[in-house]
Amino acid sequence: TSRHLVENTTVFKLRRDILAGEAVRRVDVGKVAWAMNRTSDNQRFSGRLLENAIAAHDLRAGQIVSRQHLRIKRRVIMSSTTLTRGQKINGSNTAMQDYYGNLPEDALVSSSGIEGMEVIRTIRAGQLLRASDLKMSAMIIKGDTVKLQVGAGMLTISVSMVALENGMLDQQ
């Protein structure tokens with residue numbers, strides 16, 4: 001009868017010992033069918049997860065692999081040099097790199113939109129960039145000479161002036 005049947009799921013069992021930081025490959029694990037009620041949510045995942053993972057700590061052969069045992073590789077933006085407060089972000093001081101571990105929610109995973117930004121605190125070389133570490137940088141600094149242009153129709157008037165405060169992009 002149906003009450004005697006148990007629903008199965010596929011989990012991954014280690015075939016060999018794996019040291020912390022070592023890549024976990026498909027050949028290192030075997031698929032095993034286990035009863036759904038004997039597994040946790042963290043033990044049920046797709047085999048594709050193993051393609052980009054390293055061991056979070058030492059693992060022993062025969063152990064069932066769980067998400068806590070893995071650090072997943074992700075591509076993020078990291079600083080390539082030490083960035084000091086107020087320094088502008090550009091392609092020469094940042095790079096897209098692999099990152100293993102828990103990814104903060106505001107981690108930058110794309111370089112679009114970071115041009116014209118500056119850091120608000122010192123960031124060491126090799127450190128992951130977060131949205132909370134950045135702010136829009138000023139295009140005009142107080143005291144800069146700026147050109148004011150006013151026009152209507154065919155008439156345009158240009159005057160050189162001194163900026164009385166900092167100005168951001170698209171700000172008047």
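- Between His69 and His57, some side-chain heavy-atom pair lies under the 4.5 Å cut-off.
- For the pair Asp17 (side chain) and Asp58 (backbone), a donor-acceptor distance under 3.5 Å is absent.
- Val65 is not listed as a side-chain neighbour of Val24, based on a closest heavy-atom distance of 4.5 Å or more.
- Taking the side chain as every heavy atom from C-beta outward, Ile123 and Arg121 approach each other to under 4.5 Å.
- Ion pairing of Asp98 with Arg74 is absent here, as no side-chain N (NZ or NE/NH1/NH2) approaches a carboxylate O to less than 4.0 Å.
- Remark: Arg25 engages Asp28 in a salt bridge, criterion side-chain N to carboxylate O under 4.0 Å.
- Interatomic distance, Ile141 CD1 to Asn166 CG, rounded to the nearest 0.5 Å: 4.5 Å.
- Side chains of Ser40 and Asn42: a donor-acceptor N/O pair is absent below 3.5 angstrom, by distance only.
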Ignoring hydrogens and angles, write down the donor-acceptor pairs under 3.5 Å from the side chains of residues 154-162, residues two or more places apart or on other chains.
from   : atom 1 : to     : atom 2 : distance (Å)
Ser158 : OG     : Gln149 : NE2    : 3.3

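- Around the CE atom of Met139, the shell of radius 6.0 Å holds no more than 12 heavy atoms that belong to other residues, nucleotides or ligands.
- Side chain of Ser80 to backbone of Ser92: a donor-acceptor contact under 3.5 angstrom is found.
- Atom CG of Leu164 has 12 or fewer heavy atoms from other residues, nucleotides or ligands within 6.0 Å.
- Contact check for Leu50 versus Leu70: side-chain heavy atoms found under the 4.5 Å cut-off.
- Side-chain contact between Leu83 and Leu129 is present, with heavy atoms from C-beta onward closer than 4.5 Å.
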